[in-house]
Structures are given as C-alpha cells and as structure tokens.
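Predicted, not measured: the structure shown is a model, and the values here were computed from it.
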Number of protein chains: 2
Amino acid sequence: MLRISKLTDYAVVLATELASGTAPRSVTRLSAITGIPAPTTSKVLKSMTRAGLVDSVRGKTGGYRLSRPADRISVAELIRAIEGSIAVTECADENDGYVCSLQGDCGVRANWQRINRAVEEALESVRLSDMAVPNSPLVPLLRSQDEAEEKRHAEALEVENHG
Amino acid sequence: MLRISKLTDYAVVLATELASGTAPRSVTRLSAITGIPAPTTSKVLKSMTRAGLVDSVRGKTGGYRLSRPADRISVAELIRAIEGSIAVTECADENDGYVCSLQGDCGVRANWQRINRAVEEALESVRLSDMAVPNSPLVPLLRSQDEAEEKRHAEALEVENHG
DNA sequence: CAAATACAGGACTCAGCCGGTCCTGATTGA
DNA sequence: TCAATCAGGACCGGCTGAGTCCTGTATTTG
Ligand code: FES
Ligand code: FES
C-alpha cells in the first residue's frame with residue numbers, strides 16, 4: 001500500500017535514537033532501547049553503515065554513531081540505504097534500464113516519473129533532525145510552505161557558506 | 001522501494017485508456033490494447049468496479065467505462081481501489097487500530113503520519129485527466145523545491161506558452 | 001599475549017503476498 | 001436460446017521481507 005518496508009522504519013527509529021548522542025552505542029544497547037530484535041537491529045545498522053550514514057566502531061567500547069549531524073541526513077537517504085533507489089513504479093525507475101512490458105511508451109510513464117521525483121524530493125527535504133522532534137511542524141512539504149521552505153533554503157545556503 | 005504494486009500500475013493504464021472514450025469496452029479489447037494479460041485485466045477492472053471508479057455493463061455489447069469524467073478521478077483513488085488505504089508506514093496508518101510494537105509512542109510516528117498525509121494529498125491532486133496527457137506539466141505537487149524544481153518550472157512554462 | 005566484546009558478511013529459513021490463472025455462475029443482447 | 005460479457009471466488013507459484021545464525025575480524029583491557 002505504498003509502503004516502505006518495516007526495516008526502513010527501523011532504520012529511522014535507530015537513526016533518531018543515535019541522533020541523541022555522539023558516543024557509539026552497541027547493538028545490544030540500541031536493541032534494548034528501541035525494542036527492535038537484536039539480530040535485526042544489527043542487520044539494519046550494517047546496511048546503514050554500508051550506505052555511509054553511520055560509522056561503526058569495533059572493539060570493546062565500540063558500537064554505532066551517526067556519521068554526520070542529524071540535519072545533514074534526509075529521510076530519503078535512509079530509505080535508499082535499506083531499499084535501494086526510490087521508485088514508485090517499475091517504469092518510474094529512471095536509473096534502471098528497465099523497459100516496460102506494456103505498450104512501448106504509454107505516456108503514463110513520464111507522469112509517473114514526475115510524481116516519483118516529487119515524492120522523492122519531498123522525502124529528501126525531511127531531515128533526521130526533523131524526525132527527532134516528536135511533533136515538529138517539520139513537514140509542510142506541500143503548498144503554503146513558503147516560509148518554512150524559505151527558512152530551510154536559507155539554512156542550506158548558510159551551510160554551504162560555512163563549507 | 002516505496003513501490004505501488006504492479007496491479008495498481010495496470011489500473012492507471014487501464015483507466016487512462018478508458019478515459020479516451022465513453023462506450024464500454026470489453027476486457028478482451030482492453031487487454032489487446034494495453035498488453036495486460038486478459039485475466040489480470042479482468043481482475044483489476046473488477047476491483048475498480050467495486051471501488052466505484054468504473055461502471056460495468058454486461059451482455060453482448062458490454063464492457064467497462066469510467067463512472068465519472070477523468071478529471072474527477074484522482075491517482076490516489078486508483079491506488080486505494082487496488083491497495084486499500086495509503087499508508088507509508090505501518091504506524092502511519094491512521095485508520096487501522098494499529099499499535100506499534102516498538103517503544104509505545106516514539107515521536108517518529110507523528111512525523112510519519114504527516115509525511116503520509118502529504119504524499120496522499122499530493123496523489124489526490126493528480127487526476128486521471130493529467131495522466132492521460134503524455135507529458136503534461138501536471139505535477140507541481142510540491143512547490144518551490146530547489147533550483148532543480150525551478151528549472152523544471154521554467155520548462156513547464158515553456159510548454160504552456162507553446163500550447 | 002589472551003580473553004572478551006563488537007562489528008562484518010553472508011547463508012539460511014519462514015511466512016506473506018503479489019501477480020497471475022481458472023472455474024463456476026449471473027446477465028444481457030441478438 | 002445462444003453467445004458474449006461481467007462477478008466472484010478459489011487456487012497457485014515465486015519472490016521478497018523479516019528475522020536468525022554462524023563464521024571471521026578488529027579492538028580494548030588485564
Ligand atoms: S506503464 Fe510502463 S510505459 Fe506505460
Ligand atoms: S515506530 Fe511506531 S511508534 Fe515509533
């Protein structure tokens with residue numbers, strides 16, 4: 001039903017938890033806090049590591065920690081880390097060299113791609129730091145977000161300037 | 001991958017095809033036109049009928065036709081007809097009396113619900129009549145994103161001017 | 001060094017559901 | 001009445017999502 005997988009949900013939960021501190025925390029620890037079964041927690045974190053969203057530290061005092069500040073990680077990235085490229089429809093996937101089995105090119109395709117891009121950009125604009133706040137006015141997303149968008153835009157520019 | 005099911009894709013294709021005329025067309029016919037296997041075509045159309053999106057006419061000259069003008073049918077409705085309620089995450093589903101197995105209420109939930117609502121509204125705003133046009137500037141959807149969006153906007157304007 | 005703790009990587013299982021088929025009616029036009 | 005069409009299920013095979021487990025490697029600490 002236009003679902004993201006449960007594992008991706010876990011990824012977000014784990015990431016928000018990690019966002020609350022800088023010291024690495026172990027799988028055991030995180031599992032206990034979040035209620036996600038330990039082996040699964042491990043699996044998800046490993047994917048996140050491969051995607052470069054978290055850093056792993058081995059050894060006795062090891063564990064996982066975010067690789068970047070929470071406002072530099074988007075929900076879209078988290079989704080992509082677990083599920084691969086975001087594609088609402090099979091023929092909406094622009095990366096993959098997929099050829100639709102139906103009528104060669106049925107116009108619908110281009111429109112799906114646009115919808116897809118819109119959704120993706122929306123998810124891109126929601127950052128982990130937003131998710132961490134229980135009921136933040138984070139997701140205007142649609143229309144009338146002028147001010148929120150502008151604020152974000154300004155922030156982005158600021159960040160760029162600092163880099 | 002944040003996918004809608006293939007069947008839903010079929011539903012959209014079939015609906016756009018139906019939008020091109022008012023006389024009922026049979027499953028056999030539609031299957032031939034779209035390239036969707038006949039039994040599957042039938043299945044999808046049956047779901048759409050139950051959802052009230054198309055009318056069915058039995059008998060020798062029967063078939064399916066849209067129950068409303070194409071600009072009165074949204075993509076969201078088509079999705080819902082096939083997949084049920086739109087819910088990005090399990091805990092984003094507001095209808096269902098679902099209780100998250102993780103930490104009772106982890107803040108993330110409210111945010112998912114917002115994202116969910118945003119996506120849903122976006123899909124609601126895209127109508128079948130939009131999908132029927134091969135490359136319509138149909139999907140502003142989320143406005144004023146970044147420069148990419150702006151460029152896109154420019155393209156759209158150009159198209160409008162040409163029309 | 002050796003033991004204990006943690007992550008890395010991948011094989012494996014199990015269940016659910018998606019895509020697809022088919023069969024048995026009920027309706028209706030010719 | 002006959003043929004075409006939809007209605008409503010039952011049914012099935014395969015994929016993949018969720019979860020587990022095992023083996024190996026790195027790091028800390030005594
Ligand atoms: S549905 Fe894939 S090109 Fe039309
Ligand atoms: S993930 Fe469901 S309430 Fe937090």
Side-chain angles (χ1 to χ4, degrees), chain A residues 1-14 18 23-32 34-65 67 79 81-84 87 89-91 100-102, chain B residues 1-14 18 23-32 34-65 67 79 81-84 87-90 100-102:
Chain A
M1 300 138 204
L2 195 67
R3 285 261 149 103
I4 62 173
S5 81
K6 223 173 187 176
L7 293 189
T8 305
D9 193 6
Y10 294 165
V12 175
V13 172
L14 288 168
L18 286 177
R25 264 158 294 171
S26 73
V27 164
T28 318
R29 185 88 184 285
L30 290 168
S31 166
T34 60
I36 303 168
T40 304
T41 302
S42 167
K43 188 183 199 176
V44 172
L45 285 168
K46 277 185 265 188
S47 294
M48 292 167 75
T49 306
R50 274 190 288 268
L53 297 176
V54 302
D55 288 337
S56 67
V57 182
R58 298 205 207 191
K60 204 158 195 173
T61 62
Y64 292 92
R65 87 173 91 90
S67 68
I79 296 180
I82 309 294
E83 319 199 0
T89 310
E90 220 158 0
C91 31
C100 183
S101 51
L102 311 185
Chain B
M1 302 144 194
L2 197 64
R3 283 261 148 101
I4 62 174
S5 81
K6 223 172 186 176
L7 293 189
T8 305
D9 193 6
Y10 293 165
V12 175
V13 172
L14 288 168
L18 286 176
R25 264 158 297 171
S26 73
V27 165
T28 319
R29 186 87 184 286
L30 291 168
S31 165
T34 59
I36 303 168
T40 304
T41 302
S42 168
K43 188 184 200 173
V44 171
L45 285 168
K46 277 185 266 188
S47 293
M48 292 166 75
T49 306
R50 274 189 287 269
L53 296 175
V54 303
D55 287 338
S56 66
V57 183
R58 297 204 209 194
K60 202 158 196 172
T61 62
Y64 293 91
R65 85 173 94 90
S67 68
I79 296 179
I82 308 295
E83 320 200 359
V88 174
T89 310
E90 223 159 354
C100 185
S101 50
L102 311 184

**Request:** Please round to the nearest 0.5 Å and tell me the distance separating atom CZ of B/R25 and atom CG of B/L14.
**Result:** 10.0 Å

**Request:** Kindly compute the distance separating CG (B/L7) from CD1 (B/I82), expressed to the nearest 0.5 Å.
**Result:** 6.5 Å

Given atom [atom1] of [X] and atom [atom2] of [N], what is their separation to the nearest angstrom?
{"X": "B/R3", "N": "C/dG19", "atom1": "CZ", "atom2": "P", "value": "10 Å"}
{"X": "A/R25", "N": "C/dT5", "atom1": "CZ", "atom2": "C1'", "value": "18 Å"}
{"X": "B/Y10", "N": "C/dG19", "atom1": "OH", "atom2": "C1'", "value": "7 Å"}
{"X": "A/R50", "N": "C/dC7", "atom1": "CZ", "atom2": "P", "value": "14 Å"}
{"X": "B/R29", "N": "D/dC6", "atom1": "CZ", "atom2": "P", "value": "12 Å"}
{"X": "A/R65", "N": "C/dA6", "atom1": "CZ", "atom2": "C1'", "value": "14 Å"}
{"X": "A/L45", "N": "C/dA6", "atom1": "CG", "atom2": "P", "value": "14 Å"}
{"X": "A/M48", "N": "C/dG9", "atom1": "CE", "atom2": "P", "value": "15 Å"}

**Prompt:** Does B/S5 have a side-chain nitrogen or oxygen under 4.0 Å from the phosphate oxygens OP1 or OP2 of C/dG19?
**Reply:** yes

**Asked** OP1, OP2 of C/dC7 versus side-chain N and O of A/T49: anything below 4.0 Å?
**Response** no

If only atom types and distance count, is the side chain of [X] paired as donor or acceptor with the main-chain N or O of [Y] below 3.5 Å?
{"X": "B/E83", "Y": "B/I4", "answer": "no"}
{"X": "B/T41", "Y": "B/V27", "answer": "no"}
{"X": "A/R65", "Y": "A/L18", "answer": "no"}
{"X": "A/T34", "Y": "A/L30", "answer": "yes"}

**Fill in**
Which of C/dC7, D/dA7, C/dG19 is nearest the side chain of B/K6? It is C/dG19

**Message:** Starting the side chain at C-beta, find the nucleotide from D/dT5, D/dG19, C/dG19 nearest to A/L7.
**Reply:** D/dG19

**Prompt:** Nucleotide by nucleotide, 5' to 3', does protein get under 4.0 Å of the base (B), only the sugar-phosphate (S), or neither (-) in nucleotides 21-30 of chain C, counting heavy atoms?
**Reply:** B---BBBBS-

Please tabulate, for the side chains in residues 46-60 of chain B, all donor-acceptor contacts under 3.5 angstrom to protein atoms that are two or more places apart in sequence or on a different chain.
| residue | atom | partner | partner atom | Å |
| --- | --- | --- | --- | --- |
| B/T49 | OG1 | B/L45 | O | 2.7 |

**Prompt:** How is A/T28 classified with respect to the nucleic acid when contacts are heavy atoms under 4.0 Å: base, sugar-phosphate, or nothing?
**Reply:** nothing

